[in-house]
Amino acid sequence: LLPSALFASPLPLPLKLYNVLTRRKEVFKPLRKDWVGFYTCGPTVYNFAHLGNLRTYVFEDLLRRTLEYAGYRVRQVMNITDVEDKIIRDAKKAGKDIFAFVRPYEAAFFADLQKLNIKKAWKYPKATENIPEMIKLIRQLLKKGLAYRADDSIYYDISKFKPYGRLSGFRKNRTTSGSQTANSYHRIDADEYSKKDVQDFVLWKGKKAGEPFWNADLEKGRLAPTGGDKTRSGILPGRPGWHIECSAMSMKYLGPSFDIHAGGVDLIFPHHENEIAQSEGATGKPFVKFFVEGEHLLVNGEKMAKSLGNIFTLRDLETRGFKPLAFRYLVLTSHYRSKLNFSWKSLAAAQNSLERLYNFIRDLEREHDLERGQKRLLTKTVLTNAEKQFRQALFNDLDTPQAVALIWNIVRDYHQNPASFSPKEVLNLLYKFDRVLGLNLKKIKPAKIPTIIKKLTNQREKLRKKGKWKEADALRAKIKKLGYNIEDTTEGPKITPLS
Ligand code: AMP
Ligand code: ZN
């Protein structure tokens, strides 16, 4: 009797994502026909990325790969913040200009991404290369009365943007609405602040001694040309605030409205809230349809953060003998909206599981050519079902722990009844899953068995066929001494390296 599922045509499953804007899981429908616009806040390159940052980048990569698995073409943009308070502070300490200071960290960032098998974004715009776009946006906000000048800086007037707080749930309770003189409000210059400091935030920071600056022409909405009159009234030397960077760079590549914006939950307020205020304030159009935000990586119950001094980098992990992909595996085993407590013990367990999975792949590779499967039809049902469940898990707001569990179900089923599976089909299915999981399964090759070992194994087979058990056993012992194990299976001898 065959399960009817075998004959049912697979239904196109809807992809559901938890949207922080609406606070519920929603079916994802792209704004455009031919591509999905996906913006991810990138690193501030003043140091090496820590595992917390990397958890977020892995989650974003999983989201992107899931979109691709669902058949969408994704245009992913990730910015590089290369001018910012902390960069300026630390570059000064190191006695370097900001450009020379960030270079090695930027290179390290890309190396980390590669080690974690994170797919390359479509664009990696740098803040310092997009200053004119930011000035243009600030000019629009000034023109619309959403921004004002105080001293030598420009601030966003959050009381003028009615939906302010929609994303983070913060409600404005300004008492002094109406009179918008620049001095009647509290303002904040720091790029990072908490909900306790809900205030007008800075868009353009007036020039300070010893800091890098650009001459913004706020009347024309561009950089003042070199050699022009820098003392003209509309010219304001300074540098951009952090929030304006992301509004300018996302809209430059993805348009005024795009599909998905992602980051870690610490960015919901103020960063993403401010991005909405800037972008929608300037364009009058909805900025982003889905905000998808990943939870934190913790250490002993506290957020991993440089300021708390509890960070580890990918280098630390490698120094201790771990594979970067073990960290990726660890990230996969927890849902992106759950906090994940990092420990070396859990990382070791993850590495162990990953090695076991690799060994399973090696077994399948070795058995690749075996054409078993009198029961192939049934196997196909099992595999089709597994694939369906895999999609179901991923499309249910990226349930990667469930997706990983499904892989182990396949391993268990195979081991329970290897004769009923075609190794090739199982392999192909796992490779397909790995297009999303990104554990590099395709790069795992069976250990090469030396010719001498193969020769000895063949000799042993001949002896066995003649019933010369004693001699056959002696040969097996010899092979073992050379570092290989022989297992007699219904398909013939299986050779595996001993280590
Ligand atoms: P930053 O370089 O500080 O702007 O952070 C880069 C990304 O890492 C942002 O998306 C943050 O939300 C994210 N992030 C920072 N700390 C953590 C953490 N402990 N766990 C997860 N993500 C984090
Ligand atoms: Zn950002």
Side-chain angles (χ1 to χ4, degrees), residues 20 38-63 76-87 90 102 105-106 108-109 112-113 116 118 121 123-127 130 134 137 167-168 190-194 201 240-254 258 260-279 287-288 291-314 327 330-331 334-342:
V20 178
F38 180 37
Y39 187 82
T40 43
C41 288
T44 305
V45 277
Y46 75 115
N47 213 308
F48 296 113
H50 60 68
L51 296 180
N53 303 137
L54 296 172
R55 178 191 187 189
T56 293
Y57 303 140
V58 169
F59 138 65
E60 291 162 347
D61 182 58
L62 288 166
L63 175 50
Q76 184 187 355
V77 177
M78 180 178 266
N79 67 295
I80 306 284
T81 297
D82 58 352
V83 54
E84 189 258 3
D85 297 347
K86 296 190 293 276
I87 293 177
D90 291 357
V102 302
Y105 299 120
E106 203 186 312
F109 166 72
D112 286 353
L113 294 194
L116 288 169
I118 291 172
K123 301 277 178 195
Y124 290 105
K126 287 185 198 176
N130 289 277
M134 297 173 209
L137 204 53
L167 181 73
S168 59
D191 283 325
E192 288 178 75
Y193 52 93
S194 73
F201 60 91
W242 173 40
H243 313 294
I244 198 72
E245 294 182 7
C246 281
S247 279
M249 290 188 273
S250 60
M251 295 198 293
K252 173 175 178 179
Y253 292 105
L254 302 173
F258 58 91
I260 306 178
H261 194 317
V265 287
D266 55 313
L267 298 189
I268 295 174
F269 186 87
H271 188 52
H272 291 167
E273 191 74 68
N274 291 352
E275 278 187 54
I276 296 173
Q278 295 163 153
S279 298
F287 177 43
V288 169
F291 273 90
V292 185
E293 318 269 13
E295 254 299 348
H296 282 150
L297 185 76
L298 313 180
V299 189
N300 297 325
E302 266 189 310
K303 178 189 172 190
M304 185 180 281
K306 189 152 188 291
S307 56
L308 295 174
N310 62 357
I311 60 164
F312 297 110
T313 65
L314 213 53
F327 179 69
L330 180 68
V331 170
S334 82
H335 189 258
Y336 79 91
R337 285 197 292 122
S338 305
K339 293 181 171 65
L340 170 59
N341 200 44
F342 175 80

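Just so you know, ligand 1 is whichever comes first in the structure, and atom 1 is the first atom listed for that ligand. Hydrogens, waters and symmetry mates are skipped; everything else that's a heavy atom, side chains included, is used.
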Considering only the protein, which heavy-atom contact is closest to [atom], and what is its distance?
atom: atom 11 (C) of ligand 1; value: Asp266 OD1, 3.5 Å
atom: atom 22 (N) of ligand 1; value: Thr56 OG1, 2.6 Å
atom: atom 9 (C) of ligand 1; value: Leu267 CD1, 3.8 Å
atom: atom 10 (O) of ligand 1; value: Gly264 N, 3.2 Å
atom: atom 15 (C) of ligand 1; value: Asn53 ND2, 3.2 Å
atom: atom 19 (N) of ligand 1; value: Met304 O, 2.8 Å
atom: atom 23 (C) of ligand 1; value: Gly52 O, 3.4 Å
atom: atom 20 (N) of ligand 1; value: Leu297 N, 2.8 Å

- Take the angle between the ring planes of His271 and His243 and call it parallel below 30°, perpendicular above 60°, tilted in between.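 Aromatic pair His271/His243 classed tilted.
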- Query: Going by chain and residue number, what protein N/O/S atoms come nearer than 2.8 Å to the Zn ion (ligand 2)?
  - Reply: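 Listed by chain and number, the atoms are Cys41 SG, Cys246 SG, His271 NE2.
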Test your reading of the model: is there a side-chain donor-acceptor pair from [X] to the backbone of [Y], 3.5 Å cut-off?
X: Asn47; Y: Tyr105; result: no
X: Arg55; Y: Val331; result: no
X: Thr81; Y: Val45; result: no
X: Asn130; Y: Met249; result: no
X: His335; Y: Arg337; result: yes

- Task: Report the distance from atom CZ of Phe291 to atom CD1 of Ile260, rounding to the nearest 0.5 Å.
- Result: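 Taking CZ in Phe291 and CD1 in Ile260, the distance rounds to 11.5 Å.
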- Ignoring angles and geometry beyond distance, decide whether Tyr57 reaches within less than 3.5 Å of ligand 1 through its nitrogen or oxygen atoms.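 No.
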- Please confirm whether Glu293 comes under 4.0 Å of ligand 1, counting heavy atoms of the residue only. no
- Message: If you apply the rule side chain to side chain contact (heavy atoms under 4.5 Å, CB included), what do you find for Ser334 with Glu295, and how did you get there?
- Response: CA-CA 10 Å; Ser334 82; Glu295 254 299 348; over 6 Å; no
- Side chains of Thr44 and Glu84: is there a donor and an acceptor less than 3.5 Å apart?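 Side chains of Thr44 and Glu84: no pair found under 3.5 Å.
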- Message: Could you work out, with side chain to side chain donor-acceptor pair (under 3.5 Å) as the rule, every residue matching Ser279, not counting sequence neighbours?
- Response: Ser247
- Query: For the residue pair Phe287 and Phe258, is the inter-centroid distance of their aromatic rings smaller than 6.0 Å?
  - Reply: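 Judged by ring-centre distance (under 6.0 Å), Phe287 and Phe258 do meet the cut-off.
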- Item | Pair Phe327 and Phe312, ring centroids less than 6.0 Å apart |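 Not close enough - the centres of the two rings lie 6.0 Å or further apart.
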- One finds that the ligand 1 atoms under 4.0 Å from a non-hydrogen atom of His50 are 16 (N), 17 (C)
- Item | ligand 1 versus Thr44: contacting region, heavy-atom distance under 4.0 Å | both
